[in-house]
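Below is one structure, written out as structure tokens; the observations come after it.
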Number of protein chains: 2
Amino acid sequence: MTSTDKPRATPQRQAILDTLNDVDDFRSAQEVHELLAAEGSGVGLATVYRTLALYADHGLVDVLRREDGEAIYRRCSDTHHHHLVCRSCGATVEVEGPAVERWTSAIAAEHGFSELSHTLEIVGTCADCRKG
Amino acid sequence: MTSTDKPRATPQRQAILDTLNDVDDFRSAQEVHELLAAEGSGVGLATVYRTLALYADHGLVDVLRREDGEAIYRRCSDTHHHHLVCRSCGATVEVEGPAVERWTSAIAAEHGFSELSHTLEIVGTCADCRKG
DNA sequence: GCCGTCTTGACAACGATTCTCATTCTCATT
DNA sequence: AATGAGAATGAGAATCGTTGTCAAGACGGC
């Protein structure tokens, strides 16, 4: 699944990574494409999809799914973390959870599972939106 | 989001719930539709989608997303639980995690979030598949 | 500089999901 | 049991995110 050979460097790929770096937040492929177009880059939509999939495969970006199923990407830090997402405004807070890591490992071992990966998404309404 | 008025009872809705009961596993709307068609029911695809969305809204069914973004549904028990899924054979084990519940509540409160819901998926390779 | 290969862009194709709308069905009320 | 208002249904079109196709262009080793 996770390939190891190095992707070729191209200006388009660089632009896509730069965009993700700049926003420092989750964005869909479509949104990345719009951002690029807004700053005059003519990177094609298909290229955005291919590049994001490529980097997700290489572990350079995190992939999540919105509630409607659309894939969203974010340049990720190295440590494993989870996300607290506001269902109303989409604000995200990155949280770490050693407790969760330990618990999942224990449960999995108990059932004979190995080579674990897990996804934890916490969705709620943030303080601002509750007031609003 | 979660509405409280009672949905009207119809044979189609009953058939859809029955199907989910029978398989006791996650199925996509398309798959539910196929299963119904296979046993001679002429329930329309749109109705399957509408019904699953309706019951998901009412908390009668759990919704998850496959890796490709397709939504899958399962009739859920009343207690909140999570799933341990084998990436190879698809076997699922239902697990409860009071520790996780507590942790998510604490983290969310710390960041001012309310009206929580969360999804935790643990993916791994089960003992049988490891033996191969 | 040259060549084989990887990448790109434009657009078609695809598939899951939602929408539309005329018809049918539920159900509280007679 | 009949009725009527509103909800639900089915068929198919429409939407939209995503992937495939393919000719043209860029990259890097030579």
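All values derive from a computational prediction rather than experimental measurement. Chain letters run A, B, ... following the sequence lines, proteins first and then strands; every chain starts at 1.
The residue B:R13 sits close only to the backbone: its heavy atoms come under 4.0 Å of sugar-phosphate atoms, none of a base. Contacts of A:A71 with the nucleic acid, taken as non-hydrogen atoms under 4.0 Å apart, involve only primed sugar atoms and P, OP1 or OP2.
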Decide side chain to side chain contact (heavy atoms under 4.5 Å, CB included) for A:T51 and A:Y73; before the verdict, give the C-alpha distance in whole Å, the side-chain angles of both, and the deciding distance to 0.1 Å. CA-CA 11 Å; A:T51 301; A:Y73 305 83; over 6 Å; no
Could you walk me through whether A:R13 and A:L54 satisfy the side chain to side chain contact (heavy atoms under 4.5 Å, CB included) test, starting with their C-alpha distance in whole Å, then the side-chain angles of each, then the deciding distance to 0.1 Å, before giving a yes or no? CA-CA 10 Å; A:R13 289 177 176 172; A:L54 176 70; 3.7 Å; yes
Test side chain to side chain contact (heavy atoms under 4.5 Å, CB included) on B:V23 and B:E31 and set out the steps. CA-CA 11 Å; B:V23 298; B:E31 287 165 349; over 6 Å; no
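In terms of position along DNA chain C, the nucleotide closest to A:L45 lies nearer the 5' end than the nucleotide closest to the other residue of the pair B:Y73 and A:L45.
Side chain of A:H33 to main chain of A:G44: no donor-acceptor pair is present (N/O by atom type, distance under 3.5 Å, no hydrogens or angles). Side-chain atoms of A:R65 come within 3.5 Å of backbone N or O of B:E67 as a donor-acceptor pair. Side chain of B:R66 to backbone of B:I72: no donor-acceptor contact under 3.5 angstrom is found.
In this structure, A:I16 atom CD1 and C:dG9 atom P are separated by 8 Å, rounded to whole Å. In this structure, B:Q12 atom CD and C:dC25 atom P are separated by 9 Å, rounded to whole Å. A:L52 places its CG atom 15 Å from the P atom of C:dT7, with the value rounded to the nearest Å. C:dT7 atom P lies 10 Å from atom CZ of A:R50, rounded to whole Å. As rounded to whole Å, 13 Å separates atom P of C:dT18 from atom CD of A:E70. B:R66 has its CZ atom 13 Å from the C1' atom of C:dG15, to the nearest Å. At whole-Å resolution of the value, CG in A:D68 and P in C:dT18 are 9 Å apart.
Summarising the geometry, atom CG belonging to B:L84 is positioned 8.0 Å from atom CD1 belonging to A:I107; distances are rounded to the nearest 0.5 Å. To the nearest 0.5 Å, atom CG of residue A:L52 and atom CG of residue A:D57 are 12.0 Å apart. Rounding to the nearest 0.5 angstrom, the gap separating the CG atom in A:D22 from the CG atom in A:L35 is 9.0 Å.
Between chain B and DNA chain D, the heavy-atom contact criterion of under 4.0 Å yields a 5' to 3' nucleotide range of D:dG6 to D:dG12.
Side chain of A:T51, nearest nucleotide from C:dT8, C:dC19, C:dT26: C:dT8.
The stretch residues 26-37 of chain B comes close to DNA chain C through B:Q30, each having a heavy atom under 4.0 Å from the strand.
Remark: A:T47 is not in phosphate contact with C:dT7, judged by side-chain N or O atoms under 4.0 Å from OP1 or OP2.
Of all heavy-atom pairs spanning A:Y49 and A:Q30, the tightest one is OH-NE2, 2.8 Å. Smallest separation of non-hydrogen atoms from B:F113 and A:G124: CD2-C, 3.9 Å.
Side-chain contact of B:T47 with B:Q12: a donor-acceptor pair under 3.5 Å is absent, judged by distance alone.
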If you write DNA chain C from 5' to 3' in dot-bracket form, with Watson-Crick or G-U pairs under 3.5 Å, [ ] for crossing pairs and | for pairs with another strand, what do you get? ||||||||||||||||||||||||||||||
